[in-house]
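Below is one structure; the comments refer to it alone.
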Amino acid sequence: MMTVVILITVLTAIALPLVTQQLRDRKVHEAAIQVSDLYRIARTRAMGRGSAVLVRFTPGTRGAYTMLEARRSIQTAAADDSGATCGDLSIPSCTQVNWNGTAGSDFQVVTGFDPAAVVEDAPISVTMANDGDTAITNLDVCYTPMGRTFTRTDATQPLMPLNNAYTAEVFRSAGGTRLGREHRVLVLPNGTSRLTL
């Protein structure tokens with residue numbers, strides 16, 4: 001009986017780190033799916049709602065994403081000058097929106113994803129690179145209702161048509177060291193995204 005108990009204890013001690021590693025890799029995989037879905041949903045939302053939708057990547061500590069929709073509130077001239085809003089007006093153009101302004105003026109924040117919110121011993125990080133593997137510090141990808149995609153890597157520059165692919169690398173890190181398996185999301189020139197690893 002003691003031999004069986006010792007054998008079970010040894011097997012558990014061997015298997016526990018492997019199971020823990022697989023659970024951590026699963027969280028990284030799920031984070032990569034969220035990044036891919038964010039681009040897919042933005043593209044679908046732009047076509048379905050008739051307004052431009054922008055996905056903004058900002059590196060920060062670990063990289064974060066925000067989805068913005070181009071909508072302008074229409075104010076009516078009420079008799080009592082209350083400035084009541086009548087509704088929102090869709091803005092279909094990526095290039096005619098001040099994406100660097102204040103939310104509520106030309107755009108509204110729809111949703112976002114912050115991998116640092118996945119709390120564990122080694123948080124999840126995201127880096128972006130272009131098809132030449134050059135690291136990108138900021139990236140805006142904008143979708144129009146007509147299916148066109150625009151991009152820029154500098155928020156002070158105008159949006160230009162997307163002609164190359166971008167890669168999001170999703171991984172766990174601790175102290176600047178990458179841990180475990182890395183997952184990649186590819187944003188293609190037509191604006192679609194897919195998980196590659």
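When a residue number appears, it is its place in the shown sequence, counting from 1.
Shown here for Ser193 and Ser36, the closest heavy-atom pair between the two residues is OG-O, 2.8 Å. Nearest heavy-atom pair, Val55 versus Ala42, reported as atom, atom and distance to 0.1 Å: CG2-CB, 3.4 Å. Between Glu69 and Val53, the shortest heavy-atom contact is CG-CG2, 4.1 Å. The two residues Ser105 and Thr102 have their closest heavy-atom pair at OG-O, 2.6 Å. The shortest non-hydrogen separation linking Arg152 to Pro158 is CB-O, 3.9 Å. Of all heavy-atom pairs between Ala168 and Val126, the closest is CB-CG1, 4.2 Å.
When side chains are defined from C-beta on, Met67 does not count as touching Leu54, because their heavy atoms never get closer than 4.5 Å. Side-chain contact check for Thr149 versus Asn190: every heavy-atom pair is 4.5 Å or farther apart. Side-chain contact between Val185 and His183: absent, with no pair of heavy atoms (C-beta onward) separated by less than 4.5 Å. Using a 4.5 Å heavy-atom threshold, the side chains of Met47 and Met146 count as separate.
Residue Leu162 is grouped with residue Phe57 when hydrophobic side chains (ILVMFWY) are merged at heavy-atom distances under 4.5 angstrom, including chains of intermediate members. In the hydrophobic cluster analysis, where Ile, Leu, Val, Met, Phe, Trp and Tyr join through side-chain heavy atoms closer than 4.5 angstrom, Phe107 is grouped apart from Val110. Hydrophobic clustering (side-chain heavy atoms under 4.5 Å, transitive across Ile, Leu, Val, Met, Phe, Trp, Tyr) keeps Leu188 apart from Leu195. Hydrophobic cluster membership is shared by Val170 and Ile33, with clusters built from Ile, Leu, Val, Met, Phe, Trp and Tyr side chains linked at under 4.5 angstrom. Hydrophobic clustering keeps Leu38 apart from Phe150 (ILVMFWY residues linked when any side-chain heavy atoms are closer than 4.5 Å, directly or through intermediates).
Heavy atoms from other residues, nucleotides or ligands lying under 6.0 Å from CD of Gln96 number 12 at most. For Arg148, the CZ atom sits in a loose shell: 12 or fewer heavy atoms of surrounding residues, nucleotides or ligands are nearer than 6.0 Å.
We find the OG1-CZ distance between Thr111 and Arg45 to be 9.0 Å, quoted to the nearest 0.5 Å. Note that CE of Met160 is 10.0 Å distant from OG1 of Thr95, once rounded to the nearest 0.5 Å. Expressed to the nearest 0.5 Å, how far CD of Gln108 lies from CZ of Arg71 amounts to 6.5 Å. Taking CZ of Arg56 as the start and SG of Cys142 as the end, the distance is 10.0 Å to the nearest 0.5 Å.
Although no hydrogens or angles enter the test, the distance criterion places a donor-acceptor pair under 3.5 Å between the side chain of Thr151 and the main chain of Asp140. Between the side chain of Ser51 and the backbone N or O of Ser90 there is no donor-acceptor pair closer than 3.5 Å. For Thr44 (side chain) and Arg40 (main-chain N/O), a donor-acceptor pair under 3.5 Å exists by modelled atom type. A donor-acceptor pair under 3.5 Å links the side-chain atoms of Thr9 to the main chain of Val5, judged by distance alone.
In this structure Ile6 satisfies the side chain to side chain contact (heavy atoms under 4.5 Å, CB included) test together with Val10, sequence neighbours excluded. Thr66 meets the side chain to side chain contact (heavy atoms under 4.5 Å, CB included) test with Leu68, Val109; sequence neighbours excluded. Every residue meeting the side chain to side chain contact (heavy atoms under 4.5 Å, CB included) condition with Ala70, not counting sequence neighbours, appears here in chain and number order: Ala52, Ile91, Val97, Trp99. With sequence neighbours excluded, the residues satisfying side chain to side chain contact (heavy atoms under 4.5 Å, CB included) with Ile136 are Met128, Asn130, Leu139, Thr153, Tyr166.
Sorted by first and then second residue, the salt bridge (charged side-chain N to carboxylate O under 4.0 Å, His left out) pairs with a member in residues 187-196 form an empty list; sequence neighbours excluded. Evaluation of the salt bridge (charged side-chain N to carboxylate O under 4.0 Å, His left out) test over residues 91-106, restricted to residues two or more places apart or in two chains, returns Arg72-Asp106.
Using a 3.5 Å distance cut-off with no hydrogens or angles, the side chains of Arg172 and Ser125 do not pair a donor with an acceptor.
Between Tyr65 and Tyr39, the ring planes are perpendicular. Angles over 60° get that label, and only those under 30° would be called parallel.
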His29 vs Arg181, test: side-chain contact (heavy atoms from CB on, under 4.5 Å). Steps then yes/no. CA-CA 9 Å; His29 180 73; Arg181 187 172 170 213; 5.9 Å; no
